[in-house]
Amino acid sequence: MDRRRKIILHIGAGKTGSSAIQNFLDLNVDALRREGIVVPDNDLNLSGRIYGNHVRVFREWNDDPAAGRQALEAAIAALFEKAGDASTIVISAENLASYGAGPSLFEGLVKDHDIEAILYIRRQDEFILSAWQQWNAKVQEDLLAWLIAVVGALGNWQAYLVNWEKVIPRANIRVRIFDRAQLKDGDVIADFFDLLGLAAPFDSFAYPERQANPSFAEAIMEMVKGNKRIFRDAHDNRFQEFVHDITGDRYVKNSKESMLTSAQRRAIVAKYTSSNLWVQKVYFAEKKDSLFAPIKDDAYFLPDARTMIRQQLGFLVAIVLGLYQWRKNPKKGRGRKRS
């Protein structure tokens with residue numbers, strides 16, 4: 001190889017704006033290609049529709065890391081060969097952050113490529129509750145039991161980073177805090193774009209029009225959590241897609257709505273005190289205040305039982321009405337336009 005090629009690896013974490021970043025990559029495949037950056041399709045080649053999301057293939061390769069490593073190396077070689085004079089490949093798979101075997105997939109590639117990993121992190125109470133909504137509520141019924149099982153391990157950013165440092169040099173790992181106050185221009189897409197280091201201005205690229213992958217109100221998830229008739233597994237998004245088709249964004253979760261008190265949130269974050277201090281010392285040495293914003297007592301509200309029931313009844317009526325309207329006029333579409 002005449003020169004070392006570059007791989008920009010967005011490893012997550014989940015629920016830190018990953019879908020928004022992937023939507024941006026999807027919208028700007030051609031514009032990025034003109035800048036020498038290749039965004040592959042879901043299978044890490046150039047033959048299929050490109051969505052900017054490579055989660056599924058890495059989920060498969062994580063199950064068999066030895067075979068996955070060979071497949072990944074072959075895919076990267078083929079991509080650079082097909083892409084001609086392109087100098088960089090961008091991969092976005094937010095599941096890689098927490099995969100124990102994830103770094104080993106890149107052990108061979110790091111010898112001949114400059115690999116830069118990008119990890120977005122957020123305060124653990126927010127991250128864990130978002131993970132519950134996105135994945136685990138589909139297969140679990142008891143939030144408290146699940147929290148007891150995962151707090152301390154899930155979202156341990158030190159453990160994730162130490163694992164990746166085994167393969168990728170620390171200097172090549174970029175860690176960003178998923179907090180509007182600490183993102184470039186208060187926007188995760190603008191922040192990620194800045195990390196790409198392109199000469200072209202940000203406003204010359206297309207920007208996603210809608211919120212990516214929002215969570216539902218607590219009242220809605222309480223109705224369906226752990227229901228095997230609705231969810232095949234933690235990654236089954238058919239219900240979310242159905243609800244958004246019928247109701248649009250009417251039942252998207254208010255960011256201040258919480259099933260946990262501020263005291264409970266502080267207890268969760270306290271479990272990560274030492275690991276967060278390590279991350280701050282190693283990756284944010286210049287940061288004088290705490291790694292994450294403190295939890296404020298007035299930042300969240302707990303929906304009461306009456307409010308929850310009212311929301312649930314309104315939701316059921318909206319679903320029935322939406323289905324009736326669609327049946328009467330299916331060509332008109334439903335709650336929102338899907339991209």
Side-chain angles (χ1 to χ4, degrees), residues 6-61 72 75-76 78-80 82-84 86-97 116-120 130 134-135 174 176 178 183-215 235-238 240-245 248-249 252 333 335-339:
K6 185 175 183 180
I7 300 172
I8 296 179
L9 186 58
H10 172 224
I11 61 174
K15 305 309 294 181
T16 60
S18 299
S19 295
I21 290 171
Q22 290 158 1
N23 286 350
F24 172 79
L25 295 174
D26 173 15
L27 288 173
N28 293 282
V29 170
D30 294 334
L32 290 169
R33 187 69 173 269
R34 290 192 291 271
E35 298 292 321
I37 293 179
V38 173
V39 182
D41 64 25
N42 290 10
D43 296 313
L44 292 193
N45 57 49
L46 296 175
S47 59
R49 169 74 165 86
I50 296 174
Y51 294 95
N53 182 325
H54 310 109
V55 166
R56 180 186 54 78
V57 70
F58 282 102
R59 188 186 305 144
E60 295 173 358
W61 288 344
L72 176 59
I76 294 297
L79 279 169
F80 275 124
K82 294 176 183 176
S87 61
T88 303
I89 292 172
V90 171
I91 294 172
S92 179
E94 65 267 27
N95 49 346
L96 277 171
E116 182 176 297
I118 298 173
L119 173 67
Y120 284 87
S130 293
Q134 178 66 31
W135 299 292
R174 312 290 294 276
R176 302 290 296 152
F178 185 66
L183 296 172
K184 182 176 177 59
D185 299 330
D187 181 86
V188 70
I189 297 176
D191 196 87
F192 181 79
F193 179 86
D194 189 57
L195 294 176
L196 294 180
L198 301 181
F202 179 52
D203 59 10
S204 67
F205 290 78
Y207 190 92
E209 294 182 359
R210 61 182 178 83
Q211 181 182 2
N213 200 21
S215 297
H235 306 287
D236 186 351
N237 292 322
R238 293 174 302 165
Q240 286 93 325
E241 293 168 359
F242 163 73
V243 172
H244 280 299
D245 279 347
D249 294 330
V252 168
R336 69 178 179 121
K337 181 179 179 181
R338 295 186 63 81
S339 59

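This chain uses plain numbering: 1 for the first residue, then up along the sequence.
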Any [X] side-chain heavy atom under 4.5 Å of [Y] side chain:
X	Y	result
Arg59	His235	yes
Leu32	Leu198	yes
Trp135	Asp236	no
Pro40	Ile89	yes
Lys15	Ser215	yes
Val38	Val90	no
Arg33	Asn28	no
Gln134	Asn237	yes

Shortest non-hydrogen contact from [X] to [Y]?
X	Y	answer
Ser204	Pro201	OG-O, 2.6 Å
Arg176	Leu183	NH2-CA, 4.0 Å
Phe80	Lys6	CZ-O, 3.6 Å
Asn23	Pro208	CB-CG, 3.9 Å
Gly12	Ser18	CA-OG, 4.2 Å
Gly52	Ser92	O-CB, 3.4 Å

Sequence neighbours excluded - ring pair (Phe, Tyr, Trp, His ring centres under 6.0 Å) pairs with any residue from residues 6-55: His10-Phe192
From [atom1] ([X]) to [atom2] ([Y]), nearest 0.5 Å:
X	Y	atom1	atom2	value
Tyr120	Thr16	OH	OG1	8.0 Å
Ile8	Thr88	CD1	OG1	5.5 Å
Ile50	Asp41	CD1	CG	6.0 Å
Leu9	Ile91	CG	CD1	6.0 Å
Ile11	Ile118	CD1	CD1	9.5 Å
Asn53	Ser19	CG	OG	7.0 Å

Pair Arg49 + Asp43: basic N to acidic O under 4.0 Å: no
Donor-acceptor pair between Glu94 and Gln22 side chains, under 3.5 angstrom: yes
Set of residues satisfying side-chain hydrogen bond (donor to acceptor under 3.5 Å, both in side chains) with respect to Ser130, sequence neighbours excluded: Arg122
Trace of the side chain to side chain contact (heavy atoms under 4.5 Å, CB included) decision for Arg56 with Trp61: CA-CA 9 Å; Arg56 180 186 54 78; Trp61 288 344; over 6 Å; no
Step-by-step side chain to side chain contact (heavy atoms under 4.5 Å, CB included) determination, Phe58 to Leu44: CA-CA 10 Å; Phe58 282 102; Leu44 292 193; 4.0 Å; yes
Geometric class of the Tyr207/Phe202 ring pair [parallel <30°, tilted 30-60°, perpendicular >60°]: perpendicular
Side chain Asp191, main chain Lys184, donor-acceptor under 3.5 Å: yes
